[in-house]
Enquirer: 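Have a look at this one.
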Amino acid sequence: MTDPQVVCRRLVGRTAVVTGAGSGIGLASARRLASEGAHVVCADIDENAGKAAADAVGGLFVRTDVTDSVQVEALFQAAYETYGSVDIAFNNAGISPPEDDSILTTGLEAWKRVQEVNLTSVYLCCKAALPYMRRQGRGSVINTASFVAVMGAATSQISYTASKGGVLAMSRELGVQFAREGIRVNALCPGPVNTPLLKELFAKDPERAARRLVHVPVGRFAEPEEIAAAVAFLASDDSSFVNAAEFLVDGGIAGAYVTPL
Ligand SMILES: NC(=O)c1ccc[n+]([C@@H]2O[C@H](COP(=O)([O-])OP(=O)(O)OC[C@H]3O[C@@H](n4cnc5c(N)ncnc54)[C@H](O)[C@@H]3O)[C@@H](O)[C@H]2O)c1
């Protein structure tokens, strides 16, 4: 099979900001966007991981806590000042801590922390990116939600699920509001991906992993590169009529009733 990263050059000259670029989906996406020709600005709270990602893609690292409005504004300003535009905002940083569990045991502090990192951050990043895109009359915003934004799980992470539902609803509304200004906003809804976040969760509870895999029609979790391919599509003009979408990349989970043995 031809390596798509070798032949696709859909983002030459575009500037992409990727939050949570130091690991998992963000790292794979930073690589893919750069391979398609974009200037990539890597944002992460983890200085070592974020810097390594930026070095790997020949991009810029801006240490950013995405829950801090001042730092988020500085991130998009740095992207603009360094490369002259903000064309793609992949608002992807998120957490899934073990303290966020069933509503019966999840405390208010854990609830609030997850809302801040997963949902408030997306509000802040969109608020900071949109003025640049409006001035350009062009932009693609991709916000990472999750398949749990569209379906429920008995293995609950209540604040995580609620935060991703919020990301989905906010993305839809922004996609509608700014569509006639040439800006598209989509919610990326990945199924379970083989990343540190999921591996850590499942290492602690293998039964949870097995329970979840039963529901995946393709019989495996996604690789980060498979999600990154969808990010590159949504970032590029190939998706010019895809807007305000609930963009599922889930191996068929959300469409399944009974899966093959
Ligand atoms: N892994 C999955 O199965 C899966 C499935 C659906 C959706 N998602 C979502 O995809 C996104 C990425 O997940 P991942 O699996 O790649 O996670 P990951 O843990 O591999 O990477 C997340 C990155 O975000 C960074 N980060 C955390 N808090 C931050 C903050 N306050 N400011 C800036 N950066 C911060 C971390 O340092 C890390 O580099 C998340 O929003 C997650 O909820 C993941």
Side-chain angles (χ1 to χ4, degrees), residues 3-68 70-94 117 121-122 124-133 135-136 138-144 183-186 188 190 193 195-197 223-239:
D3 181 353
Q5 303 202 30
V6 174
V7 292
C8 278
R9 295 284 293 173
R10 296 175 291 189
L11 304 172
V12 174
R14 307 268 169 104
T15 303
V17 175
V18 178
T19 70
S23 173
I25 295 170
L27 178 58
S29 300
R31 285 203 175 109
R32 177 65 190 252
L33 296 173
S35 81
E36 295 221 19
H39 304 294
V40 180
V41 180
C42 295
D44 208 290
I45 199 168
D46 181 330
E47 189 133 15
N48 292 332
K51 192 159 184 336
D55 289 347
V57 303
L60 176 73
F61 170 61
V62 182
R63 191 199 170 272
T64 313
D65 178 347
V66 290
T67 67
D68 183 316
V70 174
Q71 292 184 32
V72 168
E73 274 165 32
L75 165 66
F76 286 91
Q77 193 179 341
Y80 180 77
E81 283 173 1
T82 307
Y83 297 118
S85 64
V86 177
D87 305 293
I88 300 149
F90 180 35
N91 303 321
N92 163 75
V117 179
S121 68
V122 176
L124 291 175
C125 288
C126 290
K127 202 173 166 67
L130 282 165
Y132 295 100
M133 295 180 173
R135 279 202 294 277
Q136 294 160 190
R138 179 176 87 179
S140 173
V141 178
I142 304 149
N143 296 325
T144 306
I183 301 166
R184 297 181 294 109
V185 184
N186 289 294
L188 177 76
V193 185
T195 59
L197 191 137
E223 292 306 319
E225 291 73 22
E226 295 177 297
I227 309 300
V231 173
F233 168 70
L234 290 173
S236 78
D237 294 342
D238 277 353
S239 60

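No hydrogens, no waters, no symmetry mates; every other heavy atom, side chains included, goes into these values.
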Enquirer: Mind checking the CZ-CG spacing from Arg135 to Leu130? Nearest 0.5 Å is all I need.
Expert: 11.5 Å

Enquirer: Checking Phe61 now: which residues fulfil ring-ring contact (aromatic ring centres under 6.0 Å, His included) with it, not counting sequence neighbours?
Expert: none

Enquirer: Measure the spacing between CG of Asn91 and OG1 of Thr144 and express it to the nearest 0.5 Å.
Expert: 7.5 Å

Enquirer: Checking the side chain of Arg31 only, and the main-chain atoms of Ala228 only, is there a donor and an acceptor separated by less than 3.5 Å?
Expert: no

Enquirer: Could you tell me whether a side-chain N or O of Arg14 sits under 3.5 Å from a main-chain N or O of Glu36, the two making a donor and an acceptor?
Expert: no

Enquirer: Please report the interatomic distance CG(Leu60) to NE2(His39), rounded to the nearest 0.5 Å.
Expert: 11.5 Å

Enquirer: So which atom in Ala34 and which in Val40 form the shortest heavy-atom distance, rounded to 0.1 Å?
Expert: N-CG2, 3.7 Å

Enquirer: Please give me the minimum heavy-atom distance between Ala128 and Phe76, naming the atom from each residue.
Expert: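 Scanning both residues, the minimum pair turns out to be CB-CD1, 3.7 Å.
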
Enquirer: Passes side chain to side chain contact (heavy atoms under 4.5 Å, CB included), Thr15 versus Val86? Steps please.
Expert: CA-CA 5 Å; Thr15 303; Val86 177; 5.5 Å; no

Enquirer: Can you see which heavy atom on Pro224 is nearest to which on Gly24, and at what distance?
Expert: CB-O, 3.8 Å

Enquirer: What heavy-atom pair brings Leu27 and Ala53 nearest, and what distance separates the two atoms?
Expert: CD1-CB, 3.6 Å

Enquirer: Hey, does the side chain of Arg9 reach the backbone of Ser35 with a donor-acceptor pair shorter than 3.5 angstrom?
Expert: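 It does hold such a pair.
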
Enquirer: So Arg63 and Lys51, side chain to side chain contact (heavy atoms under 4.5 Å, CB included) or not? Walk me through it.
Expert: CA-CA 8 Å; Arg63 191 199 170 272; Lys51 192 159 184 336; over 6 Å; no

Enquirer: So Val141 and Met133, do their side chains get closer than 4.5 Å, heavy atoms only?
Expert: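 Result yes, sub-4.5 Å side-chain heavy-atom pair found.
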
Enquirer: Could you give the distance from CG (Asp46) to OG (Ser23), rounded to the nearest 0.5 Å?
Expert: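 With rounding to 0.5 Å, CG (Asp46) is 8.5 Å from OG (Ser23).
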
Enquirer: Any donor-acceptor pair under 3.5 Å linking the side-chain atoms of Gln77 with those of Glu73?
Expert: no

Enquirer: Under the side chain to side chain contact (heavy atoms under 4.5 Å, CB included) rule, what do Val66 and Leu124 come out as? Steps first, then yes or no, please.
Expert: CA-CA 8 Å; Val66 290; Leu124 291 175; over 6 Å; no

Enquirer: Just wondering, more than 12 heavy atoms not from Tyr80 lying within 6.0 Å of its OH?
Expert: no

Enquirer: Are Asp237 and Arg138 ion-paired here, with the side-chain N under 4.0 Å from a carboxylate O?
Expert: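 No salt bridge links Asp237 with Arg138.
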
Enquirer: Give me the atom names and distance for the closest heavy-atom approach of Val41 to Val62.
Expert: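 In terms of heavy atoms, the two residues are closest at CG1-CG2, 3.9 Å.
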
Enquirer: If we only count heavy atoms from C-beta on, is the Cys125 to Thr19 side-chain gap below 4.5 Å?
Expert: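 With C-beta onward as the side chain, the pair touches.
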
Enquirer: Quick one: pull up CG in Asp65 and CD1 in Ile45 and give me the separation to the nearest 0.5 Å.
Expert: 3.5 Å

Enquirer: Tell me the closest heavy-atom pair linking Thr64 and Ala43, and the distance in Å.
Expert: OG1-CB, 3.7 Å

Enquirer: Any side-chain heavy atom of Cys42 sitting closer than 4.5 Å to one from Val57?
Expert: yes

Enquirer: Between Arg32 and Cys8, is any pair of side-chain heavy atoms under 4.5 Å apart?
Expert: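 Sidechains of Cys8 and Arg32: in contact.
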
Enquirer: OG/Ser29 to CD1/Ile227 distance, rounded to the nearest 0.5 angstrom?
Expert: 8.5 Å

Enquirer: Test Ile25 against Phe90 for side chain to side chain contact (heavy atoms under 4.5 Å, CB included), laying out the working first.
Expert: CA-CA 10 Å; Ile25 295 170; Phe90 180 35; 3.9 Å; yes

Enquirer: Applying side-chain contact (heavy atoms from CB on, under 4.5 Å), can you list everything that pairs with Asp238, at least two apart in sequence or on another chain?
Expert: Arg10, Phe233, Ser236

